[in-house]
Amino acid sequence: MRIGVIGLGVIAPYFLRAIEDDEHLTLTAVCDRNDAKLVDFADGNRAVATYTDHRELLASGLVDAVVLTLPNAVHAEVAADALRAGVHVCCEKPMTVQLADAQALMTLARESGRTLFTAFHRRYNRNVAALRLGVGDPEDIERLVCRYSERIEEHTGSEAWYLDQDLGGGGCVIDNGPNALDAVRTIVGDLELVDATIGDVRRGVEFCAELHLRSLSGVQVTVELDWALPSGEVKDITVYGKDGSVRSADMLAGFPGFKSSLDHEYAAIMADFRHVVSLGDAYTDAGPDIVALVEQAYAVARRKEPRLRTPSKRPTMARFVKLLFHRRDERGMTMSQWLSRCVRQGEIHELVTTTDQPSRPGDRVDAVGFLGFAEFSTATVVQRGDVVVCNGQRIGTVAGFDECHWPNHYNILIDTERIITAEDLSLQVGDSLQLLEAVR
C-alpha cells in the first residue's frame with residue numbers, strides 16, 4: 001500500500017518509522033505547510049514527493065492511503081478531502097473535535113467505499129494487552145482506575161497548537177483522554193459518562209481532569225488526566241476484581257527511554273490499519289464513540305463551578321465577638337436552597353456545628369452545637385464545602401445555611417464528626433475563624 005503522511009509534527013516520526021519497517025507499506029508522499037520540514041525528504045533517492053497543500057497530494061495519484069497527524073481542529077476537513085479523493089484514512093486521535101463531524105466522516109467513508117481508522121496507540125501497548133488477557137471476563141471487575149499524567153511541554157516540542165483551544169479543542173481531556181478511554185474500553189467494553197471535572201485551566205485549556213464512567217456491565221471507571229506532572233510520566237491502569245484481586249499495567253514498564261514505548265504501538269497501528277482496509281465495509285471504527293465521550297465530558301465539566309487545583313477566592317477571616325456553649329437535639333433548622341451566600345465586611349453571622357449531614361434544600365437539622373457569632377473582616381462569599389478552621393484547628397466543612405434569623409444573620413451550618421460548642425474548643429472572644437476554599 002502506498003502511504004502519504006500529512007502533517008510532520010512531533011508524532012509523525014513514529015508513523016514514518018512504522019511505515020518504513022513494514023514491508024507491505026511504501027511511503028510515497030509527505031505534506032506540511034512548513035517547507036523546512038520537507039527538506040529531509042528532498043533527496044531524490046527516497047522517491048518521496050513533497051507538498052505544502054494536502055489537496056495537491058491527494059490529487060497526485062501517488063497514494064492509496066494517508067496518515068493524518070494534524071491539529072485536532074482540522075482532522076474533519078482533511079479527512080473528508082481524502083475520503084472524497086478515494087483515499088483510505090488513518091487519523092491520529094481524536095477523529096474530530098465535534099461528534100457531528102465524526103458521524104459525517106463515517107457516512108462519507110461508507111459512501112466512498114474507503115476506510116476511516118482512528119489511531120489509538122495505547123490499545124496496542126503490550127502491557128495493556130497483557131492486562132486485558134489476564135483480567136478475562138469484565139463481569140468479574142468491580143472497578144478500574146486509569147492514570148495518564150505527564151508534563152505536556154516535554155511531549156509537544158515546538159507544536160504550540162496543543163495549548164491553543166481553537167486548534168486543539170481543549171486540553172488533556174481531548175488529547176490524552178482518547179487514548180486512556182480507548183485503552184479502558186478494550187478491557188471493560190462500552191462506556192457511558194457519569195461525571196467529569198476539569199481544572200488548572202489556562203487560556204481555556206485544562207491541564208487536569210477527572211472523569212467518572214461506567215461500563216455497560218456496571219464496572220465503575222475513573223480516569224485521571226494530568227498535563228502538569230512536575231517530572232516524568234505516570235500512565236497505568238489498575239483493575240480491582242470482585243474477588244479482591246488487584247491487577248495493573250504500567251504502560252511505560254520495560255521502556256526506559258523517553259517515549260520509547262511508542263515505537264511498538266505505532267508499528268501495531270500501521271499493521272492494524274492494513275488489516276482493516278482489507279476488511280472493507282466489515283470494519284466499523286471506534287473513533288466516534290470516543291469523540292462522544294470527550295464531547296460529553298466537556299459539556300458536563302464546563303458547566304460546573306468547581307475547577308480542580310484552581311483557587312477561586314481568597315481565604316476568609318473572622319473573629320468571634322460572642323461565644324455560645326449550648327447544644328440541641330431537636331433544633332428544627334432548615335437547610336436553605338442557597339449553596340453560597342455573600343457576606344459584607346463587618347457583618348456578623350452565627351456558626352453552628354451539626355452531625356446531621358444536611359445536603360438538600362429543606363433538609364431538617366436537629367443535632368446541633370453552637371460556637372458563637374463571628375465578625376467578618378473582609379467581604380467574601382461563604383459556600384458549601386468551605387473548610388472551617390478555628391485557631392488553626394480544622395473542625396469541619398460548611399454544609400449550607402439556615403435562614404430562620406435572616407435578615408439579622410445567617411446560621412452557617414458546619415458538618416462535623418461530633419457536636420462541638422465553644423467550650424469544646426476552649427474558644428475565647430476575639431479568637432480567629434477562617435473559612436478556606438476546598439480546592440481539590
Side-chain angles (χ1 to χ4, degrees), residues 7 9-11 33-34 68-79 91-105 118 120 146-182 193-213 222-230 233-235 287-288 290-314 340 381 383 385 437-440:
V10 295
I11 295 300
R33 290 182 177 181
N34 185 348
L68 308 185
T69 66
L70 299 162
N72 300 336
V74 298
H75 285 184
E77 175 190 353
V78 179
C91 182
E92 177 67 9
K93 55 74 188 168
M95 178 184 285
T96 59
V97 173
Q98 302 295 332
L99 178 59
D101 290 333
Q103 293 169 333
L105 284 180
T118 307
F120 297 110
C146 178
R147 300 185 299 170
Y148 212 100
S149 303
E150 64 190 22
R151 189 169 184 270
I152 187 60
E153 294 85 355
E154 295 179 348
H155 289 256
T156 59
S158 61
E159 300 293 302
W161 68 263
Y162 283 88
L163 304 180
D164 185 321
Q165 185 182 28
D166 292 334
L167 292 175
C172 62
V173 173
I174 200 168
D175 179 59
N176 290 345
N179 268 328
L181 291 167
D182 179 73
L193 185 77
V194 176
D195 194 16
T197 308
I198 59 175
D200 194 2
V201 182
R202 312 176 194 181
R203 297 184 179 181
V205 174
E206 77 285 351
F207 275 63
C208 67
E210 187 174 286
L211 311 183
H212 294 278
L213 308 104
T222 301
V223 175
E224 301 171 359
L225 306 169
D226 196 345
W227 262 8
L229 199 67
E233 300 177 75
V234 175
K235 293 173 182 174
I290 300 301
V291 171
L293 289 173
V294 169
E295 187 173 84
Q296 292 164 15
Y298 280 130
V300 170
R302 286 172 174 164
R303 68 171 175 249
K304 288 170 63 175
E305 177 61 30
R307 290 291 184 268
L308 300 172
R309 300 200 313 237
T310 307
S312 65
K313 66 174 186 174
R314 64 186 177 185
S340 64
V381 175
Q383 61 193 39
E437 182 181 12
V439 179
R440 290 175 53 205

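Just so you know, residue 1 is the first one in the sequence shown, and it goes up from there.
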Undergrad: For Thr310 and Gly199, work out which heavy atoms get closest and say how close.
TA: OG1-C, 4.0 Å

Undergrad: If we only count heavy atoms from C-beta on, is the Glu210 to Thr222 side-chain gap below 4.5 Å?
TA: yes

Undergrad: Using a 4.5 Å cut-off on heavy atoms from C-beta on, say whether the side chain of Leu229 contacts that of Glu150.
TA: no

Undergrad: For a quick test of reading the model, state the closest non-hydrogen atom pair linking Gly171 to Val205 and the distance between them.
TA: CA-CG1, 3.5 Å

Undergrad: Taking only residues two or more places apart in sequence, or in another chain, which ones meet Tyr298 in a ring-ring contact (aromatic ring centres under 6.0 Å, His included)?
TA: none

Undergrad: As a test of understanding, state which of Asn72, Thr118, Asp175 forms a side chain to side chain donor-acceptor pair (under 3.5 Å) with Lys93.
TA: Asp175

Undergrad: So, the side chain of Glu206 versus the backbone of Cys172: is there a donor-acceptor pair under 3.5 Å, distance only?
TA: yes

Undergrad: Is there side-chain contact between Leu163 and Phe207, with at least one heavy-atom pair below 4.5 Å?
TA: yes

Undergrad: Taking it one step at a time, do Leu70 and His75 satisfy side-chain contact (heavy atoms from CB on, under 4.5 Å)?
TA: CA-CA 7 Å; Leu70 299 162; His75 285 184; 4.1 Å; yes

Undergrad: Provide the full list of salt bridge (Lys or Arg N to Asp or Glu O under 4.0 Å) pairs with a residue in residues 305-314, sequence neighbours left out, each pair given once.
TA: Asp200-Arg309, Asp226-Arg309, Lys313-Asp386

Undergrad: CD1 of Ile11 to OG1 of Thr156: how many Å apart, nearest 0.5 Å?
TA: 10.0 Å

Undergrad: Answer yes or no: is there a side-chain heavy-atom contact under 4.5 Å between Glu224 and Ser149?
TA: no

